[in-house]
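Okay, so here's the structure we're looking at.
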Amino acid sequence: MRLRTYNQEDVNGKKVLVRVDFNVPLKNGEVADDTRITESVPNLLRLLGFGARLALVSHLGRPRGERKPEYSLEPVAHALERILKARRAKVSGVTFVRDCVGPEVERAIAPRWRGDIVLLENSRFHPGEENNDPGFSARLAAPFDAYVNDAFGTAHRAHATTVGVTAHLPSFAGMLVLKEVTALTRVAEKPRRPFVVLTGGKKVSDKLPLLQHLCGRAEAVLVGGAMVFTLARARGLATGKSLVQEDHIDACKALLQNYQDSTTKLVLPEDVVVTDDLREPKLKENRALDSIGEDEMGVDIGPQARQSFANHLSRACTVFWNGPMGVFEQKPFDAGTIAVARAIAANKSAFSVVGGGESVEAVKKLGFADAVSHLSTGGGASLEFVSGQELPGLKALAI
Ligand code: ADP
Ligand code: MG
């Protein structure tokens, strides 16, 4: 897929609406993790360098079409200003505007306005955002001459700020979107072989499209997390109190059959760590996957599985990882996730991409961020991309 990119003549002296992904975690009214803000900066500096006047628009959380103060982007305006000043960017300030449409926006972006960057309020305060309402899209676009989408994390959503607005303005991909698409394309199309995919997390239903798409495309798909147990049930194994999506057992049976007929190896952990109760774990034992007790719950991959997953990962030339191997937020059930993160980091010759909110968090927390080739800023978006799905936000920018 080729995306439309901007040059100086596309934006010089123009009023440009930039869709960023500032959906950051807030804690006590402050930005708790500014990764997404930092990642947006190179594109903003490039646009400023080209003489564009910028208004940034983003969503934050799920206010469901209502103005809810706890989802205001105002704290992000302060954080962005701090980050820009620390980089000595020629920006006099970040002006926060209490709406993303209407006369206030027109005024803030008018020629006499003094700041260099305007940040607009949460687009999801309007129901028209998630409904991709044409009238709302037209109002969003009205004050501007051009549109740049740099919100990769929202590219899988057809909303007004990601898709609707492109009907009204010359539209371009931003630098972060291009960086993400370049890295994910190396994984999704003609990956260097062996191509090994590691997947985990909570719900097998979220990852079924990925598992289906990779059948016949990867050398090995290693499965950890709670997903293991719905697949184990599909194989006829007992899984005790482990998390199982009963309504997906049949889909998993069909999946196992497809893998059996393909060249791709679907690898389930040979052993798992079990506990009795996550809130007050008194038990911690390793069990073979076919020996989970009635009152036991699988919460991590076991030591043998860690070893065999690491072996697969060490031989890979391309790695894609989405989803933790266990309940990694809770020690000692993070051991499996640590082991695979370490194995990916140790394989210096592989091209490795980590996508998925929780898996990226785990890699960073463990200090392996620099050892992987690409950490995606979009969990759902990167998952859909590697699953071969068309992302509406990208399609709207395609040449
Ligand atoms: P990602 O955000 O990386 O795509 P998911 O959102 O699918 O990952 O899943 C992450 C969650 O899955 C984590 O909160 C983790 O605690 C949970 N999880 C992983 N393994 C298990 C398990 N065996 N039982 C219950 N929850 C699990
Ligand atoms: Mg998640």
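The first residue of the sequence shown is numbered 1, and numbering continues consecutively from there. If you're wondering where the values come from, they're calculated on a predicted model, not measured in any experiment. Ligands are counted one by one from 1 in listed order, and the atoms in each one are counted from 1 as well.
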Please check whether [X] reaches ligand 1 - meaning an N/O of the residue sits under 3.5 Å from an N/O of the ligand, judged on distance alone.
{"X": "Gly298", "result": "yes"}
{"X": "Asp206", "result": "no"}
{"X": "Lys203", "result": "no"}

Shared ILVMFWY cluster between Leu222 and Phe320, side chains joined below 4.5 angstrom?
no
Do Trp321 and Leu214 sit in one hydrophobic cluster, given that two such residues count as connected whenever their side-chain heavy atoms are within less than 4.5 Å of each other, even indirectly?
no
Around the Mg ion (ligand 2), how many protein N, O or S atoms are closer than 2.8 Å?
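Protein N, O or S neighbours of the Mg ion (ligand 2) under 2.8 Å, waters not counted, come to 1.
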Run the numbers for me: atoms of ligand 1, each under 4.0 Å from some heavy atom of Gly323, listed by number.
3 (O), 8 (O)
Would you find more than 12 non-hydrogen atoms of other residues, nucleotides or ligands less than 6.0 Å from [X] atom [atom1]?
{"X": "Lys203", "atom1": "NZ", "answer": "no"}
{"X": "Glu70", "atom1": "CD", "answer": "yes"}
{"X": "Asn7", "atom1": "CG", "answer": "yes"}
{"X": "Glu329", "atom1": "CD", "answer": "yes"}

Out of Asp300, Thr275, Val327, Val228, indicate the one that has the non-hydrogen atom closest to atom 25 (C) of ligand 1.
Val327
Among all the protein's non-hydrogen atoms, which is closest to atom 16 (O) of ligand 1, and how far away is it?
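Checked against all protein heavy atoms, atom 16 (O) of ligand 1 sits closest to Glu329 OE1, 2.7 Å.
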Residues forming a salt bridge (Lys or Arg N to Asp or Glu O under 4.0 Å) with Glu81, sequence neighbours excluded
Lys85
Go through Arg19 and His59 one step at a time and tell me if the side-chain hydrogen bond (donor to acceptor under 3.5 Å, both in side chains) criterion holds.
CA-CA 9 Å; Arg19 183 29 160 126; His59 77 281; 3.1 Å; yes
